[in-house]
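Below you'll find the structure, written out as structure tokens, and then a few comments.
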Amino acid sequence: MLPSTWQAVMESGGSMPNGAQLDDLPAPEERSAFVVDKDLPGLVRDQMVQHPPGYYVIGAAVVTLAGGADIPWDRASALLRGLSAFLTAAAIPFIAGAVRWATGSRWAGVLGALFPLLIPWYAVSGSRISNDSLLILACSATIYALVRAWRDPRSAAWALPVAGAAYGIALGAKGYALILAPVVVVLAVGAAWRSTRNVWKTVIRILVPGAIAFAIGGWWWVRNLLILGTLQPSVLGGREHQDVAAEGYSFALFVDTFFTRLNATFWGRVGYVSNAHPSATVIAGGILLLVVIIGALFFARSRWMLALLLSYPFLIGLTIFQNAHGIYWDIGNPTRGTQGRYLYSGISALALSFAALVHGFLARRSGWLRSASVVATSALAVLIVIASLLWVIPAAWASHEESAPVATGDPVAFMGMSWFGYGAIALAAVACLVVATVTGARVASREDYDRDRLAARGVAGG
């Protein structure tokens, strides 16, 4: 970890792993440069060997264009957060497109685009400096291109190479992209065959996007196997696997803790007790999400497509379970390694579950009901965002105040940005949501069932 990272932690009121803190916090205009040339104690781990370099290369390019190592760390942080927010937001059109082509309805695509706003932590975590943002975008684009190629065989000639490029970017972002491989293979092979009906042409149409994906990001994993002897090396845990479980090991305790924490960290951060959403809220959210998924699998059209796409977040969950259990076995900590945000790269499948269920019930209903579903979803998203902010911001700031060595005062002054700036951003976001809601409502009221038009064009349904 860079010394400048810990310097930034201390200048924002935090402390080093060894407990070192600053007695006086600098004013925003006096904060240190993004890269500082100094030695700080406690820097003993290199975390960069765990992940491929895709997100970090893009982030480095953005910071370099803005002035490089000499700009203050808070401005560099803002730039990188903005990059992550942009990448996360850019996934929304692909989510909408995947839902639209999977269901055959533009109206359902609008519902799918609104779904991520129903998850409070999705937008917040999307603004973190993390490779998750690039992974979410790349996986969403991959799924969209593959679903499009399957539903519309005439587009396979361009959609499959686009899917290969997007999947290559995903492989260059984070290891969870490897788990998407079964979905990629099934949809790519099926789309290639449906578009050619010829064995050799199908093989070629598969090999081209495969080569693109390998050239962009797949090579990293082969490199790890050849050079390091393992697919994904990790020194972050700082542990060795034990043949005997840690003292106090209980599988029942782990299972209960795992699912509780996975659900809680899917809806909101629980890094600090005071920063968590109320337990009743996240439990209700988890139950509702399961009901939506199960209901969609039973009642929605195109259930096989939904089941295939849902296999991706399901396999991610199994991987998280295995990794977290290994940590618990070795060191006896049942909470470490469980993060619900890891499921976000499969957000397209979850959005499809929600949109397909609503679509299944209302597709043949009157236009005003379909329009009402868009308005209701948008309004619910706004209420969830506002309620979450009102709960989380005071709790999180109180937690920061308690841990800081000196009082950090007004959050706005501490961040170096006026209320006017925050207000302008909020108004712009509300304006975008209003435009999207009005447009989506008009689409829903005018479109009866898009698959009828697709069938007239010779596009695959089902």
Side-chain angles (χ1 to χ4, degrees), residues 1-6 8-9 34-35 43-64 76-77 79-88 90-91 121-122 125-142 165-181 184 213-239 265 269 271 312-313 315-324 326-327 336-347:
M1 184 175 288
L2 288 174
S4 54
T5 302
W6 288 117
V9 168
F34 178 53
V35 177
L43 308 178
V44 296
R45 295 184 300 194
D46 178 8
Q47 300 177 14
M48 293 304 297
V49 298
Q50 183 178 1
H51 298 299
Y55 173 82
Y56 308 102
V57 169
I58 298 174
V62 170
V63 173
T64 299
S77 176
L79 284 171
L80 293 173
R81 284 180 175 273
L83 169 66
S84 292
F86 171 79
L87 295 175
T88 304
W121 188 231
Y122 175 82
S125 66
S127 65
R128 299 169 71 245
I129 302 175
S130 168
N131 52 9
D132 289 331
S133 56
L134 181 60
L135 180 68
I136 292 170
L137 170 60
C139 287
S140 299
T142 301
Y167 189 51
I169 294 173
L171 290 171
K174 198 166 186 175
Y176 282 115
L178 295 168
I179 305 174
L180 185 60
V184 171
F214 179 84
I216 295 176
W219 62 270
W220 172 266
W221 306 102
V222 177
R223 165 199 173 276
N224 284 352
L225 287 174
L226 294 177
I227 297 178
L228 304 175
T230 183
L231 196 62
Q232 185 174 21
S234 174
V235 297
L236 183 57
R239 62 186 175 88
T265 53
R269 181 180 180 181
Y312 176 47
L315 291 175
I316 292 177
L318 288 181
T319 303
I320 299 172
F321 183 92
Q322 180 187 16
N323 292 340
I327 295 173
R336 194 167 177 178
T338 303
Q339 293 290 340
R341 62 183 170 84
Y342 295 155
L343 299 171
Y344 291 165
S345 58
I347 194 74

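Counting begins at 1 with the first residue of the sequence. Quick caveat: nothing in here was measured; it's all calculated off a predicted structure.
Smallest separation of non-hydrogen atoms from Ile136 and Ile347: CG2-CG2, 4.4 Å. Contact between Ser345 and Ile316 at its shortest, heavy atoms only, is OG-CD1, 3.4 Å.
Thr265 has its side chain out of reach of Trp121: every pair of non-hydrogen atoms, C-beta onward, lies at least 4.5 Å apart. In this structure the side chain of Thr319 never reaches within 4.5 angstrom of the side chain of Tyr342, judged on heavy atoms. Using a 4.5 Å heavy-atom cutoff, the side chains of Tyr176 and Asn131 are not in contact.
The side-chain contact (heavy atoms from CB on, under 4.5 Å) test applied to Ile129 returns Tyr55, Ser77, Leu80, Arg81, not counting sequence neighbours. Every residue meeting the side-chain contact (heavy atoms from CB on, under 4.5 Å) condition with Val62, not counting sequence neighbours, appears here in chain and number order: Leu79, Leu83. Ala170 meets the side-chain contact (heavy atoms from CB on, under 4.5 Å) test with Leu135, Ala138, Cys139, Tyr167, Ala177; sequence neighbours excluded. Every residue two or more places apart in sequence or in another chain was checked for a side-chain hydrogen bond (donor to acceptor under 3.5 Å, both in side chains) with Tyr344, and none qualifies. Residues that satisfy the side-chain contact (heavy atoms from CB on, under 4.5 Å) test with Leu178, not counting sequence neighbours, are Leu171, Trp221, Leu231. Applying the side-chain hydrogen bond (donor to acceptor under 3.5 Å, both in side chains) test to Thr142 and every residue at least two apart in sequence or in another chain returns nothing. Residues meeting the ring-ring contact (aromatic ring centres under 6.0 Å, His included) test with Tyr312, sequence neighbours left out: none. Listed by chain and residue number, Asp132 satisfy the side-chain hydrogen bond (donor to acceptor under 3.5 Å, both in side chains) test with Ser130 (two or more places apart in sequence, or in another chain).
Expressed to the nearest 0.5 Å, how far CG of Leu137 lies from CD1 of Ile169 amounts to 7.5 Å. Atom-to-atom distance recorded for Asn224:CG and Ile227:CD1 is 8.0 Å, nearest 0.5 angstrom. Put simply, CG on Leu134 and OH on Tyr56 are 10.0 Å apart, with the number rounded to the nearest 0.5 Å.
Panel note: side chain Thr88, backbone Ser133; no donor-acceptor pair is recorded below 3.5 Å.
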